[in-house]
Amino acid sequence: MSLLPPPGPARRLALMALVVCVLSVAAAVVALVEGSFFGVVWILLAGISSNMAWFYVRKAKVQRAGAAG
């Protein structure tokens, strides 16, 4: 069973949130390695976007379970 919901708006939103999360983690690593405390902002953005991704995945699972029975 796939972790991602079936194709649709929830899947696209979950994938976009996951991409933002990965990019913000990379930006945080680069910023912190360069000695910038701006990396903390990127870490916060990564946390928010990962929560959004999980929200959309769970929302799609609940909708799919409701439609199945």
For Ala17, all residues meeting side-chain contact (heavy atoms from CB on, under 4.5 Å), sequence neighbours excluded = Met52, Ala53

By the rule that ILVMFWY residues connect when side-chain heavy atoms come within less than 4.5 angstrom, directly or transitively, which residues belong alongside Val40?
-> none

Under 3.5 Å donor-acceptor pairs involving side-chain atoms of residues 24-31, not counting sequence neighbours:
{"from": "Ser24", "atom 1": "OG", "to": "Val20", "atom 2": "O", "distance (Å)": "3.0"}
{"from": "Ser24", "atom 1": "OG", "to": "Cys21", "atom 2": "O", "distance (Å)": "2.9"}
{"from": "Ser24", "atom 1": "OG", "to": "Ala46", "atom 2": "N", "distance (Å)": "3.4"}

Leu32: hydrophobic cluster co-members (side-chain, 4.5 Å) | Ile43

Could you list who else is in Leu44's hydrophobic cluster, with ILVMFWY side chains joined at under 4.5 Å, directly or through other members?
-> none

